[in-house]
Amino acid sequence: MTVSLSGTEVAKQIASQFPEAIAESSNQAVVVKTEYLLKVAEFLKNSPDFDFNYLNDMTAADYYDYFEVVFQLSSLNLNHKLMLKTRCYERLKPAVPSVCCLWRGAELMEREIYDLMGITFTGHPNLKRIVLWEGFQGHPLRKDYL
Amino acid sequence: MTIKTEPFVINFGPAHPSTHGVFRMRVVLDGEVVLDLEPVYGYLHRGIEKLAEQRTYTGIIPLTDRLDYLAAMSNNLAHCIAVEKLAGIKVPERAEYLRVILAELQRLCSHLIAVGAFLNDSGAFMTPILYMLREREKILDLFEMLSGQRLTYNDMRPGGVSQDAPEEFLPALHKFVDQMPRYLDEYDQLLAKNEILLARSKGVGILSKELAINSSASGPVLRASGVKWDIRKAEPYSIYDRFEFEIPTGTAGDCYDRYLVRMLEMRQSVRIIEQAMKQFPSGEYRSRVPKLIRPPVGEVYSRIEAPKGELAFYIVSDSSIAPYRYHIRGTSLINLTALRDMIVGWKVADLIVIFGSIDICMGEVDR
């Protein structure tokens, strides 16, 4: 049975490596600061205790004040999972580092978020609209899109 | 005089019979060899995630039917399980068993189409797929008995299923389950050592184990690359922990392994249905759930093993009657991440075989 790792426990371990990386943590999820996202993700992937070799899913939600990018990570070897989040408070040009270099699976997921939510992923190899056409105005999944 | 050659760009699709829908690829060719490939998505985008934000939790079920329309029952199940987790709804025993039976029948149904269409693409034109459709027809009859529909069932509800199985359902299911292994033997006899199939698919379109995991592939595509990963075993949802079954895996990760994994999975599905029929209890088929479900504030990421892979829903609730955010993990889309790596270097005719072996459904790719 897949074990859901407690966000607070994982946050402690992350904090021992990167003391300033954690923005918030609860039992369900860890929220890291955007500027530390890549480092934390790399740590979670390569550390033998976590071994998050599989990116299940990646999505974003609009909470008016900020965008939340949500990662579902799991380890196929250790059979545990974690919800990792990062928040982006910029509304006009939100940007988050791309995790494509760690998990290739993020390629299409990030393109989809870019298309529908308008978050730029810096470092993505081919960031362009995926389901809507080039030249489409706006990002439909934002809450202020009518 | 010298003869000049240059790479040649062709548009493959969106309306091409072997793209299984409206999928388009921009292919760069050197003669017959594929040099580069860029998939173009979006021809079937309907904005289901946005539409779902304005519908009630039961009102979304017909939308989920239209994701992977070859496996609508699995989509219904994934959605209902997510809502149940979010709202804390209990499901009666009989409904759980019915759901497992339906989900496994749906897996058979989807794999039959997948294998049939794959063989169609690899040159065994029309004969195998007609055999497969013959059996799929029988499953659709069973579904029709339950829900009145043959493609988009809209049958499951949070807290159970929409209606109980009619009297004639179980005998008909018994009959089908008795027949199915013999049909599978028949396919094996026709196909497993078939010269054409072996020549076209052995060693073609290899997806390595590392790339399969790294590119988030799931379902038969992941298992064919040698990863023993099935959510029914790894994180048993519903009542899958009560059944005995195996996870078939491949070794090479080529098209033939993907075909073989699906064939073997069908036998396991039959096994699960047999066990479920034996234990099938009587009782309620649906728990008492309010007409308008208002889950407490929170979020859930809930996943199931759909025929094509990991199908998951990420739902954020703000305790109103509609979800605040409704995200669908489109299995077929994510399985296409490594498409370019699998195809580049092969010939155009192999492109079609490799693409067919992934088994995608455009409804789920574009959503």
Side-chain angles (χ1 to χ4, degrees), chain A residues 1-4 26 28-29 45 52-63 67-68 70-83 85 100-113 115-117 126 128-134 136 139-143 145-146, chain B residues 38-47 49-51 53 209-218 222 227-229 231 233-237 241 298-303 310-316 318 323-331 333-341 365-367:
Chain A
M1 189 74 187
T2 311
V3 182
S4 279
S26 67
Q28 214 181 5
K45 190 191 169 192
F52 284 115
N53 57 355
Y54 193 82
L55 176 70
N56 288 74
D57 191 22
M58 191 177 161
T59 186
D62 180 5
Y63 293 100
F67 293 107
E68 198 169 71
V70 188
F71 300 81
Q72 313 288 345
L73 301 172
S74 61
S75 165
L76 302 193
N77 305 322
L78 304 173
N79 200 4
H80 59 212
K81 60 177 183 178
L82 176 75
M83 197 189 285
K85 293 176 174 182
C100 281
C101 47
L102 297 169
W103 298 285
R104 280 268 319 268
E107 237 174 78
L108 296 177
M109 304 174 195
E110 283 178 354
R111 269 181 75 183
E112 193 185 314
I113 299 172
D115 187 357
L116 300 174
M117 199 65 90
N126 180 25
K128 56 181 187 183
R129 285 191 181 268
I130 180 166
V131 285
L132 299 169
W133 57 95
E134 292 294 325
F136 185 89
H139 303 285
L141 282 183
R142 284 192 180 185
K143 288 286 169 187
Y145 181 91
L146 294 174
Chain B
E38 190 196 3
V40 183
Y41 308 93
Y43 289 89
L44 202 63
H45 181 59
R46 293 148 296 173
E49 291 183 10
K50 187 76 178 174
L51 287 172
E53 286 175 12
K209 192 175 173 180
E210 291 72 33
L211 184 60
I213 294 174
N214 200 249
S215 66
S216 300
S218 57
L222 180 68
V227 186
K228 207 169 179 149
W229 182 258
I231 297 164
K233 282 271 193 212
E235 192 184 18
Y237 51 91
D241 44 355
E299 61 191 340
V300 71
Y301 178 79
S302 154
R303 53 186 184 168
E310 176 181 335
L311 176 68
F313 291 90
Y314 173 73
I315 308 178
V316 180
D318 58 351
Y324 182 79
R325 173 83 174 93
Y326 188 83
H327 171 73
I328 306 151
R329 182 200 195 267
T331 315
L333 174 71
I334 295 165
N335 279 351
L336 286 175
T337 308
L339 182 70
R340 188 180 170 279
D341 304 68
V365 172
D366 291 337
R367 279 164 283 147

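Sequence lines set the chain letters: A, B, ... in the order given, protein chains first and strands last, and positions in each chain run from 1. Scope of the values below: all heavy atoms of this structure, side chains included, with no hydrogens, waters or symmetry mates.
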Problem set entry | Shortest non-hydrogen contact from B:Y324 toward A:D62 | OH-O, 2.5 Å
Problem set entry | Top of B:E235, B:E310, B:E38 for chain A proximity - count of heavy-atom pairs under 4.5 angstrom | B:E235
Problem set entry | Best-contacting candidate, A:Q72, A:E107, A:M58, A:M1, against chain B by heavy atom pairs under 4.5 angstrom | A:Q72
Exercise. When you look at NZ of B:K50, are more than 12 heavy atoms from neighbouring residues, nucleotides or ligands closer to it than 6.0 Å?
Worked result: yes
Seminar exercise, completed: Checked A:L55, A:N126, A:I130, A:D115 vs chain B; the most non-hydrogen pairs under 4.5 Å come from A:I130
Exercise. B:E49 versus A:L141: any side-chain heavy-atom pair under 4.5 Å?
Worked result: yes
For this session: Please look at B:N335 and chain A and tell me whether the side chain, the backbone, both or neither of the residue comes under 4.5 angstrom of a heavy atom of that chain.
Result: neither
For this session: Just give me the residue among B:T337, B:N214, B:L44 that pairs up with chain A most often, heavy atom to heavy atom, under 4.5 Å.
Result: B:N214
For this session: With a 4.5 angstrom heavy-atom cut-off, could you sort out which part of B:A234 is near chain A: side chain, backbone, both or neither?
Result: both
For this session: Side chain from CB out, backbone as N, CA, C, O: work out which of these in A:S26 comes under 4.5 Å of a heavy atom of chain B, or both, or neither.
Result: neither
For this session: Under 4.5 Å, counting heavy-atom pairs only, tell me which of B:P39, B:S215, B:S216 racks up the most with chain A.
Result: B:S216
Exercise. Does the side chain of B:R325 pick up a donor-acceptor pair with the side chain of A:T59 at under 3.5 Å?
Worked result: yes
Exercise. Hey, are A:R142 and B:E53 close enough for a salt bridge, meaning a charged N less than 4.0 Å from a carboxylate O?
Worked result: no
Exercise. Which bit of B:Y41 is near chain A, if near means a heavy-atom gap under 4.5 Å: side chain, backbone, both or neither?
Worked result: both
Problem set entry | Worked verdict on B:R303 versus A:T2 for side chain to side chain contact (heavy atoms under 4.5 Å, CB included) | CA-CA 12 Å; B:R303 53 186 184 168; A:T2 311; 3.5 Å; yes
Problem set entry | Verdict with reasoning, A:V131 to B:R367, per side chain to side chain contact (heavy atoms under 4.5 Å, CB included) | CA-CA 9 Å; A:V131 285; B:R367 279 164 283 147; over 6 Å; no
Problem set entry | Aromatic plane relationship, A:Y54 with B:W229 - under 30° parallel, 30 to 60° tilted, over 60° perpendicular | tilted
For this session: Check each atom of A:N56 against the heavy atoms of chain B and say whether the ones under 4.5 Å are side chain, backbone, both or neither.
Result: both
Problem set entry | Contacting moiety of A:L76, where chain B heavy atoms sit under 4.5 Å | both
Seminar exercise, completed: Rounded to the nearest 0.5 angstrom, the CD1-CG distance for B:I334 and A:D57 is 5.5 Å
Exercise. Say you draw a straight line from CD1 of B:I213 to CZ of A:R104; how long is it, rounded to the nearest 0.5 Å?
Worked result: 14.0 Å
Problem set entry | Under 4.5 Å from a heavy atom of chain A, the part of B:V40 involved | neither
Exercise. Measuring heavy-atom distances to chain B, does A:V70 have an atom under 4.5 Å in its side chain, in its backbone, in both, or in neither?
Worked result: side chain
Exercise. Should A:L116 and B:H45 count as side-chain neighbours, where that means a heavy-atom distance under 4.5 Å?
Worked result: yes
For this session: Mark yes or no: A:K81 above the aromatic ring of B:Y301, with NZ or CZ under 6.0 Å from the six-membered ring centre and no more than 45 degrees from the axis.
Result: no
For this session: Could you grab the distance from atom CD of B:E210 to atom CG of A:N53, nearest 0.5 Å is fine?
Result: 10.5 Å
